[in-house]
Amino acid sequence: MTEEAVDVLVVGAGISGIGAAYHLQKLCPDRSYAIVEGRKDLGGTWDLFRYPGVRSDSDMHTLGYSFRPWTDPKAIAAGPTILNYLHETAREYGIDRQIRFGQRVVRADWSSTDAHWRVQLRREEDGSTSSIRCAFLFMCSGYYDYAQGYQPEFPGVDRFGGRIVHPQQWPEDLDYAGKKVVVIGSGATAVTLVPAMAEKAAHVTMLQRSPTWMVSRPSVDPISTRLRRRLPLRLALRLTRWKNVLLGMYVFRLCKRKPERMRDLLLGGVRQALGPEADIATHFTPRYNPWEQRLCLLPDGDFFEAINKGTASVVTDKIESFTETGLKLQSGATLDADIVVSATGLQLAMLGKAALYVDGERVEPSRTVNYKGLMYSGVPNMANTFGYTNASWTLKADLTAQYVCRLLNHMKKTGARQCLAPGPDTPLLPWVDFSSGYFQRAADQLPRQGSVKPWKLNQNYLSDLLAMRFGSVNDGVLRFSR
């Protein structure tokens, strides 16, 4: 039997993989490609998460694709709506016909002699294996473990008589109507779950060890609404996208340069929403500065509204142990619960947990250095999509796909069969300057970054736009060979 071969193998059929396929079809139409996806359907994150209220934590004008603008007036969109958008995009451009579902990459071997990757796949249905060869490996598998989220070991958990669930494995049969619910956590998932569950539950308590920065924002962008009334739709959507890009960059810059001013602005918004009697200092004033972790976005202030209605509340404390009827806290207080939702975060899984080998030697991502935020030093003909931590994921995913296409076209034009970023001679730093728990727990798995470009990881869309869309591919750093 002849082993199948393609020019480019895209791994993952989520928002990154579908975008990568579009750009390959448009910018490299003479190159063959295939997409392998371990799950039974496309959509990635938006197919996986099914918990109540699941939605975007970025506006859809920037989380949506530049080539297929988001047209729904609701910019902070529900998960099923986003999933439908991805399905429509894949169908419209024929990308869905290139996806092989239920096939997970377990290993990829690069041969410098043959200038190709041999990628081993495992069928999820029966565990059988197959392989496919490709000249370029494009990893679009996200950054966290789809199999399971992060679950701390809580003392006494076996004593609890109710039900404990994790948002990443939300059970279809969970009935929380009229029940007392405790949501453990304070991140984006927790602040999404609380108001959504509070619509049916008897009461929902968010139990947090420490507060998170929160900001309310209209789910329907009023500026976009006005632009739509006065301009052609596509122009209005393009202007809205750029307005949101620039506004996000401005807010991030302000957080870094004038953190005290941003603290005052954000806390002022919380006080205005909750009133003077709310204990802002205890429950809503984080120990860190804004944008050292992602801001939690509250569409239409739904989280604050649930608190004002009395259907939800916040408790800031630590868990001493579970009890038969709920939780005992270190302060001595107790929380009764029928259901406990452990919204305790993600587990990172770089490259979809696939094992990489270059000429027989195992590649440890933590021993590599990032190049332009998409390639690893010492690993030929491979790119990995990793979006911004301070802005929409898709902004960086689009730029990454466009750069990969430019790289492939340069290699074809010059006859090069291999491109490689060598190890840099520069002081090394952690890959991301982010204090979120899921990054800190996986620090030993992540590549490093350098202190100067192109080894330094940008968190700036405009800078990346200039470098990746218009900068020279042959920059004197990448090494090309035949």
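Both backbone and side-chain heavy atoms feed into the values below; hydrogens, waters and symmetry mates do not. Only a predicted model underlies this, so the values are computations on that prediction, with no experimental measurement involved.
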Taking NZ, NE, NH1 and NH2 as the nitrogens, is one of them in Arg104 or Glu37 under 4.0 Å from a carboxylate oxygen of the other? no

Can a donor-acceptor pair be found, under 3.5 Å and without considering hydrogens, that links the side chain of Arg100 to the backbone of Ile35? no

Tell me whether the centres of the aromatic rings in Tyr143 and Phe386 are closer together than 6.0 Å. yes

Looking only at heavy atoms, the pair that brings Thr344 and Pro152 closest together is OG1-CD, 3.4 Å

Assess whether salt bridge (Lys or Arg N to Asp or Glu O under 4.0 Å) is satisfied between Lys396 and Asp398, documenting all intermediate values. CA-CA 5 Å; Lys396 184 62 177 293; Asp398 267 350; over 6 Å; no

Show the nearest heavy-atom pair for residues Ile339 and Asp175, with the distance to one decimal. CD1-O, 3.9 Å

Determine yes or no for a side-chain-to-main-chain donor-acceptor pair under 3.5 angstrom, with Glu364 supplying the side chain and Gln445 the backbone. no

With a 6.0 Å cut-off on ring centres, are Trp455 and Tyr371 close enough? yes

Parallel, tilted or perpendicular: ring planes of Phe160 versus Phe322, cut at 30 and 60 degrees: perpendicular

Kindly say whether Leu63 contributes a backbone atom to a donor-acceptor pair with the side chain of Ser392 at under 3.5 angstrom? yes

For Asp336 and Gly326, indicate whether the former's side chain and the latter's backbone hold a donor-acceptor pair under 3.5 Å. no

Ring-face cation contact, Phe101 with Arg39, 6.0 Å cut, 45° max: no

Any donor-acceptor N/O pair, Ser463 side chain to Asn460 backbone, under 3.5 Å: no

Does the plane of the ring in Tyr144 sit parallel, tilted or perpendicular to the ring in Tyr146? Use 30° and 60° as the thresholds. parallel

Ignoring hydrogens and angles, state whether a donor on the side chain of Thr62 or Asn244 is under 3.5 Å from an acceptor on the partner side chain. no

Sub-3.5 Å donor-acceptor pair from the side chain of Ser186 to the main-chain atoms of Ser210, do we have one? yes

Ring centre gap for Tyr357 and Trp110 strictly below 6.0 Å: no

How about Phe138 and Trp117: are their ring centroids closer than 6.0 Å? no

Could you label the plane-to-plane angle of the Phe304 and Phe284 rings as parallel, tilted or perpendicular, counting under 30° as parallel and over 60° as perpendicular? perpendicular

